[in-house]
Amino acid sequence: QVQLVESGGGSVQSGGSLRLSCVASGYTRSAYSLAWFRQAPGKEREGVAGLNSFGVTTYARPVKGRFTISLDSAKNTVYLQMNSLTPEDTAMYFCAAAGKPLRVYFLISQNEYGDWGQGTQVTVSP
């Protein structure tokens, strides 16, 4: 059974940085996709960044150039480095996994993911 556990959330001031981590246990597939999503209060969940087992990455337009997704395969951990944070980045951030390498157009499409973590809260103050 796949388990995804996020950590690293917290409260920062605008312009600050955070690095989120997501440890994937019970995941042994060599073909996969991993992604970060977020959901702000009163808003729908949206894709933030994703990567697949071919090394393809993609980012949502609001975070492109500020956020970086990466994977440490030895630790089964996917990271989301978030720089130049703004109050608009305030949300619950979720890690998700899929058992196949999604094409770039689908990497941050939540309907493609079947395994989800519980989320970690990120709050950015002005």
Discussion item. With a 4.5 Å cut-off on side-chain heavy atoms, are Q121 and T90 touching?
Written reply: yes
Worksheet item: Taking the side chain from S33 and the backbone from N52, do they hold a donor-acceptor pair closer than 3.5 Å?
Response: no
Worksheet item: When rounded to the nearest 0.5 angstrom, what distance separates CG in D89 from OG1 in T123?
Response: 11.0 Å
Discussion item. In terms of relative ring orientation, are W116 and F94 parallel, tilted or perpendicular, with 30° and 60° separating the classes?
Written reply: perpendicular
Fill in: Hydrophobic cluster identity match, I108 and L51, side-chain contacts under 4.5 Å
no
Discussion item. For a 4.5 angstrom cut-off between non-hydrogen side-chain atoms, does S14 reach P87?
Written reply: yes
Discussion item. So does Q118 get a backbone contact from the side chain of E6, meaning a donor-acceptor N/O pair under 3.5 Å?
Written reply: yes
Fill in: Non-hydrogen atoms of L107 and T58 that approach each other most closely
CB-CG2, 3.5 Å
Discussion item. More than 12 heavy atoms of other residues, nucleotides or ligands under 6.0 Å from OH of Y59: yes or no?
Written reply: yes
Worksheet entry | W36-F67 aromatic ring centre distance below 6.0 Å | no
Worksheet item: Is there a side-chain contact between V23 and L4 (heavy atoms, below 4.5 Å)?
Response: no
Worksheet item: CG/L34 to SG/C22 distance, rounded to the nearest 0.5 angstrom?
Response: 7.0 Å
Discussion item. Ignoring hydrogens and geometry beyond distance, is a side-chain donor-acceptor pair present between Y79 and R19 at under 3.5 Å?
Written reply: no
Practice prompt. Look at the side-chain heavy atoms of Ile, Leu, Val, Met, Phe, Trp and Tyr, link any pair under 4.5 Å apart, and say whether M82 and L71 land in one connected group.
Written response: yes
Discussion item. side-chain contact (heavy atoms from CB on, under 4.5 Å), that's the test. Do L20 and V122 meet it? Break it down for me.
Written reply: CA-CA 9 Å; L20 306 183; V122 172; 4.0 Å; yes
Worksheet item: Between the side chain of Q110 and the main-chain N/O of R45, is any donor-acceptor distance below 3.5 Å?
Response: yes
Worksheet entry | Interatomic spacing from CD in Q81 to OG in S17 - rounded to 0.5 Å | 6.0 Å
Discussion item. Quick check on the hydrophobic clustering: are F37 and M92 connected, directly or via other members, by side-chain heavy-atom contacts under 4.5 Å?
Written reply: yes
Discussion item. How long is the straight-line distance from CG of L80 back to CG of L18, given to the nearest 0.5 Å?
Written reply: 9.5 Å
Item to complete: May I have the step-by-step check of side-chain contact (heavy atoms from CB on, under 4.5 Å) for R38 and V63, ending in yes or no?
Response: CA-CA 12 Å; R38 67 185 182 185; V63 308; 3.9 Å; yes
Worksheet item: Among side-chain atoms of D72 and T77, is any donor-acceptor pair under 3.5 angstrom?
Response: no
Worksheet item: Can you tell me how far SG of C95 sits from OH of Y113, rounded to the nearest 0.5 angstrom?
Response: 9.5 Å
Fill in: Donor-acceptor pair, side chain of S21 and main chain of S7, under 3.5 angstrom
no
Practice prompt. Ignoring hydrogens and angles, tell me if any N or O in the side chain of S53 forms a donor-acceptor pair with the backbone of Y32 under 3.5 Å.
Written response: yes
Discussion item. Taking S84's backbone N and O only, do any of them form a donor-acceptor pair with R66's side chain (distance below 3.5 Å, no angle check)?
Written reply: yes
